Each structure stands twice: as C-alpha cells, then as structure tokens.
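Working notes for the structure below.
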Amino acid sequence: MNYPTNRFQQLQTPFYYYDLQLLRRTLSEVKAHLQPNFHVHYAVKACATPAVLAEICRAGLGCDCVSGGEIQACLDAGFPADRIVYAGVGKSDREINLALEAGIQCFNVESLPELDIIDELAQAKGTVARIAFRINPNVGAHTHANITTGLAENKFGIDMQDMLPAIRHAQSLRGVELVGLHFHIGSQILEMNDFQALCGRINDLQDTLEAEDIRLQSINVGGGLGVDYEQPDEHPVPNFRDYFATYARGLELRPGQEVHFELGRAIVAQCGSLITRVLYVKSNAIKRFAIVDAGMTDLIRPALYGALHRIVNLSHPLAPEEVYDVVGPICESSDVFAKDYTLPALQRGDLVALQTAGAYGQIMASSYNCRPLPPAVTSEE
Ligand code: LLP
C-alpha cells in the first residue's frame, strides 16, 4: 500500500488510515466473481467507519448487522433497509423493534425463544418478519479457536437435529415468514476445503427438507474468507475467484434459490492501517523495545488472539535493520504488537504502520486507561 507519509507528518497519532481506492478495487473484484444469484451482505462488525460504509453502500452490497447500533449505522450510511440482515444470539426487544420498524430484509434467528419474541413483536406491529434460521452445522474450521463458530460447543445457532421442529413451529406463526437458512463456520479461513465441507452439510440438510416438502428462497453461508496478514502488499485483494467458485461448485441449489454471503474481513482488512509514532526506544540486557503511541486499546487483535500485523517503518524505510519488541503505552504486559520483530532502525518520531488493520481494528478499540478512541483518516480527505 502507498502511504502519504508527508501528509501523516501533520496529523496527530495514532489514527486509522483507509485507502479507499484499494477498497473500491476489492469491491469490484468481489462483484466480478459473483454468480447472478449470489448476493453479498458486508459484515458491518468488521468496520463501521462512515466513509467505509458509504463506499460499500455505493458498490451496491447489502449489510449484515449484529446489533441495533449497526442497523442504525447502516441506515445512516444510506443502505436501504431491505438490504439489511440482522443476526445475533441476544437480540433485545428494543433492537428487534428497530429492525421491524425499518423493515429489514431478514432476521437470522438463533433460538426458538427468540423466534417467539420476534413473532410476538411483529404481530403487535401488524407486520410479518422475514426470518432465516441460523443452523449450527458442526463443521470445524482451520482457524483460531476464538473465532471458530460452527461447532456444537459454540453458542451460535440451532442444532441440526432441531431444524425440522423449528421450521414446523415457524410455519405455524403469523408474525414470521421463513425464507431461508443461515450458516457461519468461523473467520480468517484460508482453506477452501472448509467451505466445501459446509456446502456438503448444506446439501444434506436441503435433501432432508425436500423430503418434507420444504423449499426455501435463500441459503446464507455466512462469511469467513481470510486475508494475507504476512504479505499484505503481495496480496492486497483476497482470492474471491476461488472462494465464490467453491460455493458455485459445491452447493446443490434448488431452482430459484439465492445464496447470501456475509464477508467482513476479506472486504476491509487490507485497506486499513493503524498509523502510530515511535515515542521511545529503550534497551535492556536482552531486549530492545520500540514504544509506540498506539496500544492494545487501538488494536487489540495481537493481545487477544496473538494475531500478527505486519509493521512498516514509514519514515526511514531504508535504515539498517534492528530487532525490536514493538509495544504500546498501556499498563498491561499483553500490550505488545510484535516480539523480536526486524525493522529498519526506529527513532523517536518515526511514523509506523500496522498493516491489514481495516477489519476488527478501529471498531474494537476501547478507551481503557482513559485513552481517546483512534480517529479515521481516508486517502481522499
Ligand atoms: N457472519 C457471522 C454470523 C459472523 O459471526 C461473522 C464474524 C461474519 C459473518 C463475518 O466474518 P468474516 O468474513 O469477517 O470472517 N474479531 C475477530 C473476528 C470475529 C468474527 C466474528 N464473526 C478477529 O479480529 O479476528
């Protein structure tokens, strides 16, 4: 990615920098590999920065929300309500009512008690809520344990064996209309075999439904396509071709059926970087620390998941290399971005980029230690 380092000199750090040109390139790649019956709902949880949402809205994608706050952010960004789907294991009455009033496309329902509440609230408003059941497919994914979601031990969705009774129950209710099934097996998945396994499971479930004379309009396969954190400059755009081809080949769709995708990370991760300044460099007998002004409050992924974000010295890219622990200013030992990391020598005031931070970066920031939330800067301001 190209960084306008001169412009950055004038700005207070830390901040998130979004390259909207790369985002647009990514979005056009997504669209280039869609089949006519494939629809993408961007998973807003990855990044809800208004400039980013506006760009995704302009590209014609829908959005996948998990809270009333996200639904509101999408409406504010200009998404039509009928392009919004709403998932989550714990939807509050207030949030369900907001979604009903807006007239969203679909609720992804995660339990029978939730179904009954949506039915009740919809009937009270004299409306009918379109719903899909989130089914837990018990498919493992080759990713970090904290971000795999499709196993029976996870809290998400309805068990496969409970699917038929749940559908029968939904069909008996006047406030809901069942339109589809929803799945999601996890995040940062790079092995297409994992998505292939999900296709197999969905095909089996569809056979079961067909035997019962149940036909559904849509199959929502969730998100999860991963990105290259190690070589972001070599792979700035994920492999959407293989991803969509896996589903095109793997799913045995019924006539007229639509497929919905909920991609988050793959759309926004590479276009965002956290920009920070070196405050101090200090050494002890065994380590050299580069202390930067961003911390785990700005980007929590390394502390929470042991995730690696590539680090670049923007100010002196050609300086001789040194090895550092790159750490933040927060009073926690886990406030470390990278250990034993080789970088062109850093000095106080140098600008540093933590790459591939567009997804689950700014949105997961906190104000721990009474720190201000990091602002967003875009390539086009
Ligand atoms: N659909 C559902 C139902 C989800 O739970 C998620 C992500 C997505 C779609 C979007 O997944 P994606 O395409 O972005 O992989 N904070 C973690 C990631 C948590 C993902 C949660 N669910 C991280 O920083 O790696």
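These figures come from a predicted structure and were not determined experimentally. Indexing begins at 1, ligand by ligand and atom by atom, following the structure's order. Note that these values count all heavy atoms, side chains included, but never hydrogens, waters or copies made by symmetry.
Interface of A43 with ligand 1, defined as ligand atoms under 4.0 Å from a residue heavy atom, comprises 10 (C). Which parts of ligand 1 touch M364 is read off a 4.0 Å heavy-atom cut-off, strictly below it: atoms 16 (N). Taking every heavy atom of G223 and a limit of under 4.0 angstrom, the matching atoms of ligand 1 come to 9 (C), 13 (O). Set against the non-hydrogen atoms of L263, the atoms of ligand 1 under 4.0 Å away are 13 (O). Listed by number with element, the atoms of ligand 1 under 4.0 Å from a non-hydrogen atom of E262 are 1 (N), 2 (C), 3 (C), 8 (C), 9 (C), 10 (C), 13 (O).
Between K45, R265, Q188, it is R265 that holds the heavy atom closest to atom 25 (O) of ligand 1.
Between the OH atom in Y86 and the NE2 atom in H41 there is a gap of 15.5 Å [rounded to 0.5 Å].
Ring pair Y247/Y243 is perpendicular by interplanar angle, where above 60° counts as perpendicular and below 30° as parallel. The aromatic rings of F15 and F8 sit perpendicular, their planes meeting at an angle over 60°, well past the 30° parallel limit. The aromatic rings of H39 and H260 sit perpendicular to each other, their planes meeting at more than 60°, with 30° as the lower class boundary.
Looking at A87 against ligand 1, nothing comes within 4.0 Å, counting heavy atoms. Residue contacts with ligand 1 for D64 involve side-chain atoms from C-beta outward but no N, CA, C or O (heavy atoms, distance under 4.0 Å). Contacts of R301 with ligand 1, taken as heavy-atom pairs under 4.0 Å, involve the side chain alone.
Considering backbone and side-chain N/O of G264, one or more are found under 3.5 Å from N/O of ligand 1. Any N or O atom pair closer than 3.5 Å counts here, and R134 shares no such pair with ligand 1. In terms of polar-atom proximity, defined here as any N/O pair under 3.5 Å, S187 does make such a contact with ligand 1. At under 3.5 Å, a nitrogen or oxygen of G224, whether backbone or side chain, sits near a nitrogen or oxygen of ligand 1.
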Run the numbers on D19 and R24 for salt bridge (Lys or Arg N to Asp or Glu O under 4.0 Å), then give the verdict.
CA-CA 9 Å; D19 180 340; R24 279 195 287 273; over 6 Å; no

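Both tests do not hold together for K91 against F107: distance to the six-membered ring centre under 6.0 Å, angle to the ring axis within 45°.
Among residue pairs with one or both ends in residues 339-381, none qualify as ring pair (Phe, Tyr, Trp, His ring centres under 6.0 Å); sequence neighbours excluded.
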Show me the donor-acceptor pairs, under 3.5 Å and distance only, between side chains in residues 176-183 and residues at least two apart or in other chains.
from : atom 1 : to   : atom 2 : distance (Å)
H182 : NE2    : E262 : OE1    : 3.0
H182 : NE2    : E262 : OE2    : 3.3

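A donor-acceptor pair shorter than 3.5 Å cannot be found between the side chains of Q188 and Y229.
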